[in-house]
Amino acid sequence: MAGRTARNGRQGRRISSWAVRATAAAACGTLALTACGSTKDTGASSADGGGTGKVGVILPLLTSPFWQSYNDYVPRMAKTEGVDALKTVNSNSDPSQQITDINNELNQGVQGLVVAPLDSAAIQAGLDQAERKGVPVVAVDVAPDKGKVAMVVRANNVAYGEKACDYLGQHITAGKVVQIMGDLASVNGRDRSAAFRSCVRKKYPKLQVLEIPAKWESDTAASKLDTLLNADPDIKGIYLQAGGVYLAPALQTLKSKNMLKTAGHKNHIVIVSNDGIPQEFDAIRKGEIDATVSQPADAYAKYGMYYIKAAMQGRTFKPGPTDHDSEIVKLPSGILEDQLPAPLVTKDNVDDPKLWGNTVK
């Protein structure tokens, strides 16, 4: 997850970056006279409601700083986009509870739903219920395996793993690097893990990848990293797939072993994280970690609201570049996904005021 920071993501399909680009390019080739993928490129639909009505917003959890920030953005972005959003509902990392939450919102008469799925397979039950009631759904952060959604609002998780790989590969000549992975049953964990592993193998063969499956769980990450460091104290780099849950335990574990050396020290372990939370930015400034991929919590909230309003108005979209520096792609399931940009943040740009992590108080 958002990283996917839920514990219980399930089966997903990894979309390689070349396949994504090829799919989008092929689709755009059929749209010669339109602004391919633009959020202004819409078509008529028989749906009614005029874009008005209550919208339910369901969170996966609130134990991660990333999802706390997303939660804070939701009411602000709802107001900006002219969406009447109800108070958010927290499913507390429980996929069964999330289906109950969806049904509760539907029973309250919502006209739209914005959901961050915990389980990409189990979420189908909730999506089917919404479809039966004629209520459109926008998925944020994770694409469902099956079920109808108007749009998935997500960043390219394959690119996350590749960016982390490239940063480590460009700063470490040889040696062992560790990736602390998300749940491999979730599409986000699978995408990041496979992309990182493949990139290292192809581009940086002098690096040896060690892996810690941590299921988006802080305690698991800490205990397994501790065990790994006892066996392999000579690691040169670490990729944290979710800073929201892995940053603090990883730094504490390194500190407890006197292995947390700041950038520039001869024994510094190069660390790349993933989320773009303020805590990661502070760690970059201190030299404790070197980089993070900024997953756009603000844009997730903004375009979650944008697309649910569009769906309630009956507007539709096509694959291709958008007017907000992203690209809409068609997944193998036929679902459309708006892949939002997620920049790499280092000491060179960590103070950029445009980064959402610098706007959080």
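Residues P117 and V140 come closest through the heavy atom pair CD-O, 3.5 Å. Scanning both residues, G126 and I99, for their nearest heavy atoms gives N-CD1, 3.7 Å. Taking every heavy atom of both residues into account, A155 and Y300 meet most closely at N-OH, 3.2 Å. Closest of all the heavy-atom pairs between M181 and Y246 is O-OH, 2.6 Å.
Although no hydrogens or angles enter the test, the distance criterion places a donor-acceptor pair under 3.5 Å between the side chain of N349 and the main chain of L344. A side-chain donor-acceptor contact under 3.5 Å links S223 to the backbone of T220. Side chain of D219 to main chain of E217: no donor-acceptor pair is present (N/O by atom type, distance under 3.5 Å, no hydrogens or angles). Of the possible donor and acceptor atoms, one in the side chain of D275 sits under 3.5 Å from a partner among the backbone N and O of G244. Looking only at distances, a side-chain donor or acceptor of T322 sits under 3.5 Å from a matching main-chain atom of H324. Not one N or O on the side chain of H268 forms a donor-acceptor pair closer than 3.5 Å with the backbone of G264. Judged by distance alone, with hydrogens and angles left aside, the side-chain atoms of E105 form no donor-acceptor pair with the main-chain N or O of D101 at under 3.5 Å. Proximity of a side-chain donor or acceptor of K261 to a complementary backbone N or O of K266 within less than 3.5 Å is not detected. Between the Y239 side chain and the S193 main chain, no donor and acceptor come within less than 3.5 Å of each other. Side chain of K309 to backbone of E81: a donor-acceptor contact under 3.5 angstrom is found.
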Verify side chain to side chain donor-acceptor pair (under 3.5 Å) between N92 and N90, making sure each step is shown before the conclusion.
CA-CA 5 Å; N92 287 307; N90 175 18; 2.9 Å; yes
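Residues F66 and N274 are not in side-chain contact: their nearest non-hydrogen atoms beyond the backbone lie 4.5 Å or more apart. Inter-residue side-chain proximity for L113 and V138 is flagged as unmet; no heavy-atom pair is nearer than 4.5 Å. At a threshold of 4.5 Å between non-hydrogen side-chain atoms, the residues T173 and K206 do not count as touching. Side-chain contact between I235 and I269 is present, with heavy atoms from C-beta onward closer than 4.5 Å. Proximity of V177 to I172: side-chain heavy atoms (C-beta onward) are separated by under 4.5 Å at one or more points. Put simply, the side chain of I271 reaches to within 4.5 Å of the side chain of L251, judged on heavy atoms. Contact annotation: the side chain of E337 never approaches that of M151 to less than 4.5 Å [non-hydrogen atoms, C-beta and beyond]. Residues S186 and V142 are not in side-chain contact: their nearest non-hydrogen atoms beyond the backbone lie 4.5 Å or more apart.
The pair R197-E211 meets the salt-bridge criterion, with a side-chain N (NZ, NE, NH1 or NH2) lying under 4.0 Å from an Asp/Glu carboxylate O. Contact check on K163 versus D166 returns no salt bridge, with no Lys/Arg side-chain nitrogen under 4.0 Å from an Asp/Glu carboxylate oxygen. The pair D191-R154 counts as a salt bridge, with a side-chain nitrogen and a carboxylate oxygen less than 4.0 angstrom apart. Between D128 and K146, none of the side-chain N atoms (NZ, or NE/NH1/NH2) sits under 4.0 Å from a carboxylate O, so this pair counts as no salt bridge.
Within 6.0 Å of the NZ atom in K148, the count of heavy atoms belonging to other residues, nucleotides or ligands does not exceed 12. The 12-atom threshold is exceeded at CG of N267, counting heavy atoms of other residues, nucleotides or ligands nearer than 6.0 Å.
Under the 3.5 Å distance criterion, with hydrogens and angles disregarded, a donor-acceptor pair is assigned to the side chains of E280 and S273. Side-chain polar atoms of T253 and D226 form no donor-acceptor pair below 3.5 angstrom. Y70 and T88 share no donor-acceptor pair across their side chains, judged by distance under 3.5 Å alone. Side-chain atoms of Q295 and Y160 include a donor-acceptor pair closer than 3.5 Å.
Of the listed residues (D352, N358, I289), just one forms a side chain to side chain contact (heavy atoms under 4.5 Å, CB included) with F281, and that residue is N358. When each of L168, L254, D290 is checked for a side chain to side chain contact (heavy atoms under 4.5 Å, CB included) with I238, only L254 meets the rule.
The distance between the ring centers of Y307 and F317 falls below 6.0 angstrom.
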